[in-house]
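Atoms within each ligand, like the ligands themselves, are counted from 1 in listed order.
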Amino acid sequence: PRGDPVEGELIKAALAALDCAYAPYSKHRVGAAIETRDGGIFAGCNVENASYGLTVCAERTALFAAVSAGETAFARIVIVSSTGRPTPPCGACRQVLAEFSQDLEVVMVGGKSEKRAWLSALLPDAFRKVKKGQP
Ligand code: THU
């Protein structure tokens, strides 16, 4: 929820990751911090490449850091960028986030304003593998 102390921690972690963004080509730096269901925080930045298409977004870097530490249940992700405006996650990141949590809160923090949305609203009807015996 808005203004809770954990959200402050998430914003701090996302801003610290933003400082590490590797974006010499686009100059568009992004930081993200994802909160696990049990209150853990994992951050990531965008990492570009001279072969542009190999670039990985901040949201996926943060998610993959968390998954690499054994976490698979998430509550919230905070995104900040060097534009200073609320930055919505790209379509690819929405799909990758939806693999783990449909009810993820996405908090897009800008200097003067912020936007909040549920992942299920940003990516309705996400593609998912249905396991046998599931409705
Ligand atoms: N980028 C992100 O990190 N997250 C997004 O959701 C959109 C785009 C990065 C990728 C690239 O390094 C730069 O922003 C410009 O597209």
Side-chain angles (χ1 to χ4, degrees):
R2 198 186 197 91
D4 78 44
V6 178
E7 192 152 301
E9 293 302 308
L10 286 162
I11 294 170
K12 252 198 254 172
L15 287 170
L18 174 71
D19 269 341
C20 300
Y22 180 74
Y25 306 106
S26 76
K27 318 266 192 230
H28 180 82
R29 295 181 294 113
V30 186
I34 194 162
E35 179 191 10
T36 66
R37 287 267 163 209
D38 45 25
I41 295 177
F42 294 85
C45 61
N46 55 329
V47 183
E48 297 188 345
N49 191 271
S51 177
Y52 299 166
L54 301 183
T55 292
V56 179
C57 297
E59 297 89 328
R60 273 176 287 156
T61 307
L63 177 74
F64 293 161
V67 174
S68 300
E71 302 289 347
T72 52
F74 304 104
R76 177 163 43 172
I77 187 167
V78 166
I79 305 162
V80 296
S81 88
S82 53
T83 65
R85 290 195 208 146
T87 305
C90 81
C93 288
R94 294 176 195 198
Q95 173 66 28
V96 173
L97 291 165
E99 178 77 14
F100 297 96
S101 318
Q102 290 73 59
D103 55 351
L104 184 76
E105 193 176 14
V106 180
V107 186
M108 299 154 263
V109 175
K112 291 182 197 152
S113 61
E114 65 171 47
K115 284 188 194 168
R116 325 173 67 95
W118 296 105
L119 183 59
S120 54
L122 295 177
L123 185 69
D125 208 12
F127 175 74
R128 219 166 278 123
K129 282 281 184 190
V130 179
K131 296 192 189 105
K132 271 187 187 163
Q134 272 188 353

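Side chains of Thr36 and Asp38: a donor-acceptor N/O pair is present below 3.5 angstrom, by distance only.
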When you pair each N or O of ligand 1 with protein N or O atoms, which pairs come out under 3.5 Å?
residue, atom, partner, partner atom, Å
ligand 1, 3 (O), Ala58, N, 3.0
ligand 1, 4 (N), Glu59, OE1, 2.8
ligand 1, 4 (N), Glu59, OE2, 3.4
ligand 1, 6 (O), Glu59, OE1, 3.4
ligand 1, 6 (O), Glu59, OE2, 2.8
ligand 1, 6 (O), Cys90, N, 2.9
ligand 1, 12 (O), Asn46, ND2, 2.9
ligand 1, 12 (O), Glu48, OE2, 2.5

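Cluster partners of Leu54, using a side-chain heavy-atom cutoff of under 4.5 Å among ILVMFWY residues and allowing indirect links: none. Taking Ile, Leu, Val, Met, Phe, Trp and Tyr as members and joining any whose side-chain heavy atoms lie under 4.5 Å apart, directly or through other members, the hydrophobic cluster of Val6 also contains Leu10, Ile11, Leu15, Leu18, Ile41, Val78, Val80, Val107, Val109.
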Output side-chain donor-acceptor pairs under 3.5 Å for residues 64-73, partner residues at least two apart or in another chain, one line each.
residue, atom, partner, partner atom, Å
Ser68, OG, Phe64, O, 2.6

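Within the 4.5 Å cutoff, the side chain of Leu63 has heavy atoms near those of the Phe74 side chain.
Taking the six-membered ring for Trp and thresholds of 30 and 60 degrees, Tyr52 and Tyr25 have ring planes inclined between 30 and 60 degrees apart.
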